[in-house]
Each structure stands twice: as structure tokens, then as C-alpha cells.
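Note sheet for the following structure.
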Amino acid sequence: MLLKYLTGKNEDIPAGSSAIFFGFSSIFWFVVGTGLGSFNAAKLAFPDFVTGTELFAFGHMRQVHVLAVIVGWISMAFAMTMMYMTPALGNTKLWSEKLGLWTGMMWNIGLSTALFSLWIGITSGREYSDFAWPLDLVILLGVITPLCVNVIMTIAHRRTQGIYITNWFFGSCTFMVGIVLLVGNSPEYFHLTGLSEAYLTWWNAHNLLGLWITPVAAAIAYYTIPKLTGNPLYSHRIGHMHFWSIIVFYSTPASHHIMSSPIPEWLKSFASVEGVLILIPAVAFVANILLTMKGKWTLFVENIETKFSMTGVLLAVPLNMQGGFQQTRSINWYIHGTGWIVAHAHLALLGMSTFLEIAAVYFGLQQMLKRKVYSLALANIHYWFVLIGFCIYWISMTIAGLIQGAGKIYEVPYIDVVIAEHPYMIARWVGGTMVFTGNLVWLFNMWMTARVGTLVPEGRYAHELAYDR
Amino acid sequence: MAFKEYRLGSAMVGGALGLSMIITIFMPSFDLRSAVSTKMALEKQLSAGFDVGFGYADPLLLGINRPLTVVLDADPKTGAKFDPPVTAYIYKPGVPMPPNVRHPHDLGKGVEDLSEGLGQIGSVSGSNHSVGQREGVVFTIGLGEFDGEEVSYIENATATRGWTPDATLAAAGDKNTFKISQGKTEFVVQGCWWCHTLLPEQTQDWQVFGAPPYLGDFNGENPTAFGSDRKAPDLLHVGSRNSSREWMLLHFFNPRLVQVNSIMPRFDYLWGEKDAQGNVIDYDKWRAEYLEYANGKRVYPPEVPDYAPDSEIRALIDWVLSLK
């Protein structure tokens, strides 16, 4: 059927096809990515687990986990939400379902190729832009550009007067992430060296988070929470304050990632101040959503999508409190390079961002398939496994990071730090494995939804129907 | 729709992003480009060569088309003894020229002038870099004076002293040849940098891992691979703390031979199929015997095989020991 649609006429493709394709692809990559994460964590806890093979060594697997989750799960879930939210908010159809399907196709093929080459060791040696640059260009031109064109053209062809805040984010973030990838990979094709290379590596990494992952995840909540609760967004103006302060403040503090390198001091100070200013969009976002929930907090318990969404929004509170302050010089010197940062990165990607996307994928897949989710029980198992697994991971890595920080300051022999961290490494593996298990349940649940879920009558939303199981 | 909000909005997004890129990329580029290469930077880039990560000359990162670092006791041409020994960097035909020989401007003020003047790199640098790549070059590091200060510079020893790659390699012998470039590629490919950083921090780290680097210490290095997630000791100055090749040998083969609580993976697979004597390495037997040792059924662990001269582990140890 996919082949037929890929070669057929755009008009013949049912609306929502690309959203469904992206939805299932993203869940698949989430299972792969968290499976790899669990495997890697086992190796950190038990170094002789699967030993003696080059391809299954930790150093060959770690970056595959990171990029499978970022480019596979998170970014594909973003594409999925764009494929159904952008047209819905413009009261129109997606500009081209066919282009959407081709984007998804290219995405899966390109990402598989890139991850395979990374796995066998073809790498640029630059964190978060590890792929060899020809593959980076394939992703930029074959995936990000068509996605951006589709989203912006859909917004341009809208049949509503204004542009809702979610679409402001979608349109500009798909454009900006392309610029970030183009500029951020320049050390590879222009052979920049030394501190220029190091700085641009972190400029790229920071802006991938700042102009893509965090804002798009927040934009999703601006759609799902009003939709699920039936309350209008508390304030579109505060939403715009969030949007503009993200672009101005979040695109500048890249150098706070390499505070201990000899880059110019003015740049570090500037980055540090801008980094604290990230609290402005953060507080605007969280406050806006919490105020939108007014009178509808029962849905936090009763409705699975709201449950996931609000958990993501609430996790944005510790995320931004950490993020705003941990990059200042007075805190950074203690926790830089420790497990604290690993915990923080997972709080951003597996906590805040992932929970918002899971909600949107649940909501969108039910909407596009016109079927009610197969089982509430399984969805709740998914929720608790991911949440408890994540919390175990987050807390254990935070503690491990504080131990490492103390070890660094008090000149403890390094091996004693490794010994002290061991229990937390085991906890990290347990937490990661729980997340992986929960995602397997999710994949099964969504597959069953597609096959035997109760049909949603025309003109109704899936979340208005009672759960069957 | 008289008021086109998206037109104004697009212009404002472009303006905001452009301003942010001017501040965070354009403005720092003046500071970063004014960095003057230190001796450490010259040593690193001459031993590492053009691309350590993915590149045209070695797209699969197998360690081919790489420069070799040699230590010479005597002049390969005249036979005159050197005391102390001289380090030379051999670029055989086909090996791309190092980054700042291709772009001498990035060497920084003084170093660029001396390298082009006393060092005579002009015949293989800039637009002539393909000549150097075609014919092969031997570089050394010279010491000169610029504006009353001592400055290290790159010397094209093929031009100044008539050293050819083959003769220099033969004069040094295999014992004094170090595959540092291939070793750094192994560091990147095997993912050592996911745990070992290359950047002591500006804290009490100095006491244990050595001084943090200066602005000019990185010119010509690509990738810098600082690392961000430190689960193991910093390696920027590891060769100064521990210069024992035998310790490295044991530690890479199975880290728990020398440090029972280490969580470092075993890198025994970098030994390849055969050891230094050409015998096939029986990994299964070694692992079974090691397990007996670990379980207290043997007093001594099994012997770690010597690595073959063309093994990957040799290159990796060469690079680690070069980190002074």
C-alpha cells in the first residue's frame, strides 16, 4: 500500500497517511533507541557483558543510541505531529501527503544507513554531529528540507486568519534546524580545525536542542492540552513571548558547553547570562499550560494523553531550573562532565520532550486511524514503566554526578569514584530497561489499535469515547 | 488579510537568528583566528595529519594514508649524530598535507612567517599542497626568533635538509616509528572519548590531570574530541603520568588485570588475529583461563600476547603515549 501511495497521485492518498507512517516509524525507532540505551547501560554496570567483539563494544554503540533516539524517535515524532497538527490548525489539508510519505521513506532509509555507518566506525568524531558529512547533507536535503517545505506550504495555504502559536514554532523551527545543521557541520566540509571546530561542534549540539527539540516539544503541548481539555489556551500572547524569547535567548549560549576550554572569556560570560535568560521562555511555557488546565485537572488522572502531556510539562520545571543555573560558572565547575549532565540530558529528552511527544503520538494516531486506543490498561503500564524507569535513571545519575563532582574537587583517586558509582550504574540500567519494556508494550498497543481498535464515529474525537479495555 | 503577520514574522525570525549568529559565530571568529600555534599544536597536527575523522583519503577510517612520526638519532642524509634525538613527521606520497600547511594563515602571526621563511613550507603549502601530497614530504619542528621571542615553526625538512620519506623511514627503523595518526583515529573510532576527556577542567583537575590547555594548543587539530561525559580519567597529559608501554599493553587487553574495579571495556580485539611472533592468538582459551583466574582457581592470569607490528593496538598505544 505504501508503494502504491508513493507512486500514486497526491489526491488519491487519504489524509493522515504520512502522519500514520511517521507515527509508527517513530515508535519503532524509540524501541530501537531505548533498547540500545539499555544495552549500553548494562555494559557500564558490568563491563564484561558481551565482550570481545568490536561491533558490540561500548564505544561503537553509545553514539548509535544517542542519534537513534534524537533523529529517529524524537525528530520523527515531531514530523508526525507536524503532519496532522499543521493542517488541523490551518483548517486545511496537508500541502502534499505524497511528499510527506516520501520524506518518511527517505528518513527511514537515510537514518538506517547513517546509523549503520556510525556503528561500524565511520564517524567525524564530533559529538551530536557524528555522522560523516555526506550523510549529514543527505539528512539535511532529503529529510529536513522537504519537511520544512511541506509545513511552511501548509501554513501558507491555511484557511484561517491568524497563525496559531504551534504553527509559528513548527514553521520557524523546521527552517532553523536546517540552518543549524548546515552551519554546524561546516567544520567537516570546510576542514575547520582547533577551537573553531570545538566551538562549532557545541554550537551545533546546543542549537539542535534549543531551536528544535525543546521548542517543538513545547509547541506540541500548545496543541494537545487545549484540544484534550476543551479549554482555550490561557494566553496566546504569553505563547508569543515564549516563541520570541526562545529564538533570541536560546540560540546564543552555545559556549556554556565548553566553559573549561580556552575560548574567549567574553563569549563564556555572554553565554552564561543568556543561559539564565532561558528561564523566560521556560516560565512562560509552563505557566501558560498550567493555567490552561484550570478546572480540568481530573483529566490528568482520567485521560492517558493528558497524563503524558502534563507529566512532560511538569518535568519542564526541574529541567529549566537545572538548565538555567547549572551552566553558570559558579555551578558549572562542579558538575561539568559528570553524570549530572547525563541525568539532565535525559530529563530534557526522555523526560520533558518524550512525554509530550508520546501524548501527541497517541492522540494523532487515534485521530488519523479513526480508532480508539486498544487498551487503557496497556497504556497505563506504558506510562508507569516509562515514568518510573526515567525517575530511577534520573535520580541515580544525578547522585552519581554529585559523587563525581565531589571526587573531582577533593582529588579522590579516580578509581574510587568508579567504585562509588557502581550501584548507580546498576540502577541506571534497571531504569533504562524499564523504559525499553514500556515502549515494547506501547508498540504492541498501537499495533492492536490500528488493527482492532474501536472505530471513532465521524465528527468525534477519540478522547471523547470511553475506553474499551 | 490586510495585515500579513507572517511576512513581518518571517523577517523578524530571520533577523533574530541572524543577529544571534553574528554574535555567536562571526564575532568569536576574530578571537579564534588570532590564536598563535604553540609547539604542542604543531606536534599534534604534524603527527595527526589532515583528517583524523571521516575524510577522502581514508573514508572507512582504516588508518590508511596516514603520516608516521619517527625519532631520529642521526641525520638520514649526512649520518651526523643527533643529541638529543630529533622528531620527524613523514608524509609519504598520497598522504594529504597537514591542515595548517594547507592553510598557513591559521598558524598565527610569527609561526606562519617563520614556517614560510626559514621552514620553506611554501613549495608544499597553500595551492601547492597537491605537490607535497604527490611527492611526499618530511617535516620537523624548528625553533626560531620572531619579534624578539622564541617561536616554534614547521620546517619542510625535504627542502631544507634533503630528507626523503623513504630514507628517513629507513634511518629510523620500525622501533622508532610511531603510528600516532592512526592511533588517534582508533581513539575516535573505538569511542574512547565517550568516557576519557581530553580537556582538564579549570578546577582542582590541574593537580591530577595536568594543566588545562592554552588558546593556541589546538590549531590544526580536527576533531578536537574534548569529550563531554567523563566516566574515566582525563587523557590530555596521560603520557606524562604513565609512560609504560607494558602497563598499557596489559590494561588495553583486559583493564581488570591491572585495576580490578575498572569499568573500561576490553580492547583485546585490537590485537587482531596474530601476535608478534606470528602465532594465532587463541582468545577463547585466554578468556577461559582468565575466568579461572578471576574465580580464584589460578594464581596468575594468562600471559598477554605481544602485539604484531601492524596491529591496531600498536597505533593506539603510540598515540596514548604521545600525549605528554
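Numbered from 1 within each chain, the chains take letters A, B, ... in sequence-line order. None of the values given here were measured: they were computed from a predicted structure.
Aromatic ring orientation, A/H191 versus B/F50: tilted (interplanar angle from 30° to 60°).
For a residue to count as touching a neighbouring chain, one of its non-hydrogen atoms must lie under 4.5 Å from one of that chain's; by this rule B/P59 touches chain A with the backbone only. Contacts of B/M264 with chain A are made by backbone atoms alone, with heavy-atom separations under 4.5 Å and no side-chain atom involved. Both the backbone and the side chain of A/H336 come within less than 4.5 Å of a heavy atom of chain B. Heavy atoms closer than 4.5 Å to chain A are found in both the backbone and the side chain of B/L215. The part of B/Y214 that comes within reach of chain A is its backbone (N, CA, C, O), which places non-hydrogen atoms under 4.5 angstrom from that chain. Of the atoms belonging to B/Y56, it is side-chain heavy atoms, and not backbone ones, that fall under 4.5 Å from chain A. Interface remark: B/Q207 contributes side-chain atoms only to the contact with chain A (heavy atom separation under 4.5 Å). Of the atoms belonging to B/D268, it is side-chain heavy atoms, and not backbone ones, that fall under 4.5 Å from chain A. For A/L195, the parts lying under 4.5 angstrom from a heavy atom of chain B are both the backbone and the side chain. The part of A/D130 that comes within reach of chain B is its side chain, from C-beta onward, which places non-hydrogen atoms under 4.5 angstrom from that chain. Only the side chain of B/R256 comes within less than 4.5 Å of a heavy atom in chain A; its backbone stays farther off. For chain B, the nearby part of A/I258 is the side chain; its heavy atoms alone come within less than 4.5 Å. Interface remark: B/Q259 contributes side-chain atoms only to the contact with chain A (heavy atom separation under 4.5 Å). Looking at B/P233, the atoms closer than 4.5 Å to chain A (heavy atoms on both sides) sit in the backbone and in the side chain alike. For chain B, the nearby parts of A/R126 are the backbone and the side chain; heavy atoms of each come within less than 4.5 Å.
The shortest distance between side-chain heavy atoms of A/F46 and B/I263 does not fall below 4.5 Å.
For the atom pair B/W194 CH2 and A/N40 CG, the distance stands at 11.0 Å (nearest 0.5 Å).
A donor-acceptor distance shorter than 3.5 angstrom exists from the side chain of A/Y414 to the backbone of B/A232, with no hydrogens or angles considered. No donor-acceptor pair under 3.5 Å is formed between the side chain of A/E411 and the backbone N or O of B/V208. Looking only at distances, a side-chain donor or acceptor of A/Q404 sits under 3.5 Å from a matching main-chain atom of B/R230. A donor-acceptor pair under 3.5 Å is formed between the side chain of A/Y199 and the backbone N or O of B/T24.
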Full working for side-chain contact (heavy atoms from CB on, under 4.5 Å) between B/Y269 and A/L55: CA-CA 10 Å; B/Y269 57 80; A/L55 286 180; over 6 Å; no

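A donor-acceptor contact closer than 3.5 angstrom links the side chains of B/S228 and A/E127.
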